Structures are given as structure tokens and as C-alpha cells.
Amino acid sequence: QVQLVESGGGLVQAGGSLRLTCAASGLTFSSYVMAWFRQAPGGEREFVEAISRCGDKTYYLPSVKGRFTISRDNAKNTVYLQMNNLKPEDTAVYYCAASDTDRDLFPPQAMNYWGKGTLVNVSS
């Protein structure tokens, strides 16, 4: 049974930092492209960042460029999202997701597995 478990969310002031962690089990982690999505209250789920199977390529939402960094440790079956200079508009539930297909675009429906999410709340 595949499980993706996110952690690291919380309440932070604008300008602060958080590091999200997604621990994967039940799948051959290094065979999956991993991604982070987010969903704000009343909004649709949107792509944030993704990383290729071996970590040599990353993809990102333009609004997080220079502030968020995705990384992965295939030995630990874990993917991370380092978020710096957080803004109130980053407030959302953040989800980890896995895709077994190499791609350059990441519509939510293309992902094979999802975690349950972790809440990030950025106060102004």
C-alpha cells in the first residue's frame, strides 16, 4: 500500500521559513517524479514544484521562484520543500504527490498517489 505522509506545516509570520517533508512508502521511490501541490481555502489545487526521479531537474510555479526549493533523498524515500520568505498568499494545505511518468507539466489528474496534506498558515 502506497503512503505519502507530509509533515512540517504550521503557523508562521510573513517573511519566515518552513520546511515540509514527505515520507513515502510502498513504492519504488526513485522511479517516481515527486511534486508538491497546494490548495488555498476556496481555491483549486495548484502545482507548486516538482523534481525528477534522480533530482537533476526541477519545475516550479513562477510565483515561488527564488523562495521555494524542492529536493529529494532517494536513500530515505523522502522529498522536501524548503519555503523561505513566506507570504500570506502562500497560506494553503500543501500536498505531496507522485507520478510514475516523466513529464514537464503536472496537472493534478496526472499524479498517481497523494498524501493527505499539511496546513501552512502565513500571518501578515
Side-chain angles (χ1 to χ4, degrees):
Q1 181 182 357
V2 175
Q3 282 194 311
L4 302 178
V5 180
E6 304 93 337
S7 61
L11 176 63
V12 63
Q13 288 188 330
S17 297
L18 284 174
R19 188 195 198 200
L20 304 184
T21 298
C22 171
S25 61
L27 74 172
T28 304
F29 184 72
S30 59
S31 296
Y32 285 80
V33 175
M34 299 300 297
W36 289 95
F37 289 75
R38 67 186 180 186
Q39 188 165 11
E44 294 186 352
R45 194 166 297 191
E46 68 171 354
F47 167 77
V48 177
E49 286 210 34
I51 188 166
S52 61
R53 291 164 175 165
C54 64
D56 61 335
K57 293 186 225 179
T58 59
Y59 310 84
Y60 54 86
L61 181 70
S63 64
V64 306
K65 182 182 179 182
R67 300 191 298 122
F68 291 11
T69 303
I70 191 171
S71 60
R72 66 189 295 161
D73 185 337
N74 286 348
K76 295 183 178 179
N77 288 2
T78 302
V79 62
Y80 306 97
L81 185 67
Q82 177 67 43
M83 305 187 295
N84 298 327
N85 191 22
L86 281 159
K87 303 177 180 181
E89 53 264 41
D90 295 319
T91 293
V93 176
Y94 283 71
Y95 298 90
C96 173
S99 171
D100 61 3
T101 305
D102 279 330
R103 53 182 64 251
D104 293 326
L105 295 175
F106 299 87
Q109 60 268 27
M111 308 308 289
N112 300 102
Y113 302 107
W114 291 89
K116 293 184 178 180
T118 185
L119 176 63
V120 171
N121 192 346
V122 184
S123 64
S124 57

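This is a predicted model, so every value here is computed, not measured.
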- Message: Using every non-hydrogen atom in the two residues, find where L27 and A98 come nearest and quote the distance to one decimal.
- Response: CD1-CB, 4.3 Å
- What are the two closest non-hydrogen atoms of S71 and V79, and how far apart are they? O-CG2, 3.1 Å
- Message: Under the rule for side chain to side chain donor-acceptor pair (under 3.5 Å), what residues qualify as partners of S17, not counting sequence neighbours?
- Response: N84
- Residues which pass side-chain contact (heavy atoms from CB on, under 4.5 Å) with D90, listed by chain and number, not counting sequence neighbours: R38, R67, F68, L86, K87, Y94, V122
- Query: Among the clusters formed by ILVMFWY side chains lying less than 4.5 Å apart, do L119 and F37 turn up in the same one?
  - Reply: yes
- Query: Measuring from W114:CH2 to E6:CD, what's the distance to the nearest 0.5 Å?
  - Reply: 9.5 Å
- Message: Could you report the tightest heavy-atom contact between R72 and F29, atom names first, then the distance?
- Response: NH2-O, 2.9 Å
- Should I51 and Y113 be counted in the same cluster of Ile, Leu, Val, Met, Phe, Trp and Tyr side chains packed under 4.5 Å apart? yes
- Report the distance from atom OH of Y80 to atom CG of D73, rounding to the nearest 0.5 Å. 5.0 Å
- Item | Check: R53 and D102 side chains under 4.5 Å, non-hydrogen atoms | yes
- Item | Spacing of R19 atom CZ and S7 atom OG [to the nearest 0.5 Å] | 9.5 Å
- Note on the structure: One should read off an interatomic distance between Q82 CD and L18 CG, to the nearest 0.5 angstrom, of 8.5 Å
- Task: Indicate, with yes or no, if M34 and V2 share a hydrophobic cluster defined by side-chain heavy-atom contacts under 4.5 Å among Ile, Leu, Val, Met, Phe, Trp and Tyr.
- Result: yes
- Note on the structure: Only one of F106, Y95, Y59 passes ring-ring contact (aromatic ring centres under 6.0 Å, His included) with F47, and that residue is F106
- Task: Report, as yes or no, whether the 6.0 Å neighbourhood of atom CD on Q1 holds more than 12 heavy atoms from other residues, nucleotides or ligands.
- Result: no
- Note on the structure: Scanning both residues in full, the closest heavy-atom pair of T118 with G8 reads OG1-N, 4.3 Å
- Message: I want to check something: taking the side chain as every heavy atom from C-beta on, are V120 and L20 in contact at a cut-off of under 4.5 Å?
- Response: yes
- Note on the structure: Closest non-hydrogen atoms of V93 and G117, given as atom of the first, atom of the second and distance, are CG1-CA, 3.8 Å
- Query: For E89, what residues pass the side chain to side chain donor-acceptor pair (under 3.5 Å) criterion, not counting sequence neighbours?
  - Reply: none
- Task: Check A14 against P88 and note the closest heavy-atom contact, atom names and distance.
- Result: CB-CD, 4.1 Å
- Find out if a path of hydrophobic residues (ILVMFWY) with successive side-chain heavy-atom gaps under 4.5 Å connects I70 to L61. yes
- Task: Say whether W36 and M83 are linked into one hydrophobic cluster, either directly or through other cluster members, by side-chain heavy-atom distances under 4.5 angstrom.
- Result: yes
